Each structure stands twice: as C-alpha cells, then as structure tokens.
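Here is how names work: the chains are called A, B, and so on, in the same order as the sequence lines, proteins then strands, and each is numbered from 1. From a predicted model like this one, the values you see are computed outputs, not experimental measurements.
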2 protein chains.
Amino acid sequence: MGSKERIARLKEETRINILDASLDIVKDEGWQSLSMRKIADKIEYTAPIIYEYFANKEGILLELTRKGYILLTASVRKAMNGLSEPAAQLEAMWIAYWDFAFENRELYQLMFGVDMNCCELKKIMPEAEVSNQLYFEIIKEVMEDEDPPEDLICRKYYTFWSVIHGLISINMVNKGRGMEMNEQILKDAIKGIIKYIND
Amino acid sequence: MGSKERIARLKEETRINILDASLDIVKDEGWQSLSMRKIADKIEYTAPIIYEYFANKEGILLELTRKGYILLTASVRKAMNGLSEPAAQLEAMWIAYWDFAFENRELYQLMFGVDMNCCELKKIMPEAEVSNQLYFEIIKEVMEDEDPPEDLICRKYYTFWSVIHGLISINMVNKGRGMEMNEQILKDAIKGIIKYIND
DNA sequence: GTAAATAATCTAACACCGTTAAGCAAATGT
DNA sequence: ACATTTGCTTAACGGTGTTAGATTATTTAC
C-alpha cells in the first residue's frame, strides 16, 4: 500500500505549489494584491482547499517568512565558510545579506517589513524632505573637510539615518522582549558615527 | 453673511476629526484594522461623507503622513536651535528624531513602514534567530577585546544590522530615483563599522 | 462487483472591506 | 412660496478572508 506515500507526496507538492504561486503573484503585483482567490486560480483550485494546507492567509505568509530566513541563513553561512580571516568573513557575510535582500526583494520585504508606499509618495510630499535639509546643513558643519561635495554629505546622512532607523525598528519590533535600547546606547552610537564621519 | 465662514470652519473641523479619529483607531487597534466605516462610526457619520473630505482612504493616510513629517521637522528644528556647537546639535537632532519615533509610534510606522508583524512572529520562528548567531560568532572574533560580554556583541550586531538594513531600505524605497548605492559604498560602510567596533 | 465509507473538491454564503450612485430631507436663495 | 443647493443616508457593486454544506470521486469492505 505505497499509495499512501504517493498521496502524501502529492499533498506536499500542492503545498509547495501554493507557496510558489503566492510568491509569483507577489513578484508580479506586489504584496498588496495577494489574495486567496488569486492563489487558488493559479494552482487551478478554488479558494477553500487552501485551508487544507494552511490555517489561513497569515499561515502562508509565515511559511514564506520561514523560507526567507532559511535561504538567508544559507547564504550567510556559505559566505562565512568561504573565508577564514574574521574581518573578511564579516564583510562577506554582510554583503551576502545585502545580496539576499535584492535577489529576494519580496521575501526581504515580508521578513523585515520594508514598506514600498513611500516610493511614489515622496514625489508629491515636499514636507518629507524638509527635515533632511536641516540634517544636511549640520552634517556639513561637522565635517572637517571644507566644502565637501553634496553626495558625500548625502551618504553620511544616509549612514546616520540607517543606524537610527535600524535601532528604532529593532526597538519597535522587539518591544518588551529584552534588548531594550536606552538613551545612552543611542548617544554612543551617534558619537561613533560622528567620529566615523571624519575619516 | 459670515455664516459662510462658520460653515467652512465646521467643515475644517470634521476634516480634522476624521484625521484624529483615524489616529485614535490606529492607536487602539493598529493600522491593519483601520477602516472607513470605523472612522465614520467614531465621528458619528456614515462612511460616504468621508469622501467629501478626502479622495479615498489613501488620502487620509497621506495627510497623516504629511502631519507626521511636519511634526518631525518641528521637533528636529527645535533641537537644533537649542544649541550652537554643530556636533552637539547633530546629536540633539538625532535624539529628537528618536524621541519622535517613540512618542508618535503610529505616525512613524506610517511614514517609514515599520512592519509590526514580526513582533510576535519571532517567538514562533526559531529560524529567524539562526543567522544572528552566525554573526555573533564572527563579531566576537573580530573584536579585539578577549571574551567580550554577550550584550556588547549584541549591540555591535544591532549597529551593523541597522546600517545594512537602513541602506537596503533606502535603496528599495528610492529605487530608480538617484542615490543608488553601489557595492563599493556598502563595503566602505562595513569597513567603517568594523573600525568603529574596536574603539 | 456492488455497496458503504471516506476523501477531495466545489458552491454558496457570511461578514467585512473601499467606493459609488441614487434618493431623501433640511437649509438656502430668490 | 417655490426652486435649488447642500448634507447626509441607504443601497448597492465588486472585492476580501473564511466557513459550512453539498457534491463528486475515490477508496474500502463485503
């Protein structure tokens, strides 16, 4: 009675089909327009059978997130194992992380919640750029280099923003669960970047 | 006939009421469950009248985003004007940014798309922590300090992650529109942080 | 081989969503 | 007093995630 296994294999296959179909839809039309009925269409079933494979839509997203983490970990590990000197390893690992994000854009968005709304938003929202200019001014003054080029300031600003925004994200996501950042740590980070700016 | 103005003032008032009600709902139940009908309920109207004040739901979010940016800019500017020494100014400005994010959590999420999904997600997803440990190992090796405390490594990791994640976010959001980050810039940033790590 | 039981799948429906059109009722202009 | 505009509501459309019930196909038992 090996048909049990064959059936189990088939079930596993449509489970994977659901995940693949979902990712395909998202790649074509974005997370916003992923719906159970569209998934069902793509795998040539009707919507309710999806619930035989996943508890609900969130379950699908969860599984894709897991898939993302596994892929990411594999990439990072591979980069690590390819070298032996720690500093070089660390660099390669972060580059692997970076590459993963852009090779698996949709998964990365799902895993870390990068909202793409802002994309066209900034064009019609001048207010979004006002505060930037304040930072630009002051960064320019902090830089020891006299009259630094615009794009260098820009890069410094983005480095700053990255750190602060990243720290905020962590604190919001990990809220309550250990690892709370206090103001001292924030100040340390800022001082560190200011020092880094003038290298 | 000054009643024209009175009416205009009333209209402006319910416009503000809509925005306030929206933010209230979001503070109570999150962005996910903000709906036109709920807003209408809260301002004691029916859903369609909202469309007399905003083109659609996105219009409301857009206005709240604008409000966020104006508030943020005011905070940052105030911090800036309170000091005169550039480095101190810069620090105060980023602290103001930080404070804004946590005093206006919901607005910050809207402005920069911090997805709160992950919050409870990480508890049921051990895969999400595997790659962290790889980084922990290597960061430990890179640090010159022999046998550094766990939470210091953690902090260094988060600094790294913040920069990389921030840079990725910028590149995803600003995709196509100038300011593209190439690998060289990424590598520079990584080298910079490695140097910063050992201070 | 036929009947019963089980599994696989679909249809229909529920409650909600954003949004629009039609209609009513009160206030306004003439 | 009548006509017109305004403010607001009800009803509906097409969409969403999800569930229950009916239907069909497959397997099992005799």
Please report, to 0.1 Å, the donor-acceptor pairs under 3.5 Å made by any side chain of residues 23-30 of chain A, with sequence neighbours excluded.
unit_1, atom_1, unit_2, atom_2, d
A:E29, OE1, A:S33, OG, 3.4
A:E29, OE1, A:K38, NZ, 3.0

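- Shown here are the side-chain hydrogen bond (donor to acceptor under 3.5 Å, both in side chains) partners of A:T14, two or more places apart in sequence or in another chain: A:Y53.
- Atom CG of A:D41 and atom C1' of D:dT16 are 14 Å apart (whole Å).
- Atom NZ of B:K42 has more than 12 neighbouring heavy atoms from other residues, nucleotides or ligands inside a 6.0 Å radius.
- Between the CD atom of A:E52 and the P atom of C:dT6 there is a distance of 16 Å, rounded to whole Å.
- Annotation: side chain to side chain contact (heavy atoms under 4.5 Å, CB included) contacts of A:L83 (sequence neighbours excluded): A:A88, A:Q89, A:A92.
- Residues satisfying the salt bridge (Lys or Arg N to Asp or Glu O under 4.0 Å) criterion with A:R37, sequence neighbours excluded, are absent altogether.
- Residues that satisfy the salt bridge (Lys or Arg N to Asp or Glu O under 4.0 Å) test with B:D41, not counting sequence neighbours, are absent from this structure.
- For the side-chain hydrogen bond (donor to acceptor under 3.5 Å, both in side chains) test, residues two or more places apart in sequence or in another chain that qualify with B:E91 are A:K191.
- If you measure from atom CD1 of A:I39 to atom P of D:dT18, you get 10 Å, rounded to the nearest angstrom.
- Contact check of residues 19-26 of chain A against DNA chain D (heavy atom, cut-off under 4.0 Å) returns no residues at all.
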Fill in the blank from the handout: Each nucleotide of nucleotides 10-24 of chain C classed B (base within 4.0 Å of a protein heavy atom), S (only sugar-phosphate) or -, in 5' to 3' order, makes BB-B---BBBB----

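- The salt bridge (charged side-chain N to carboxylate O under 4.0 Å, His left out) analysis of residues 78-88 of chain A, with sequence neighbours excluded, yields no pairs.
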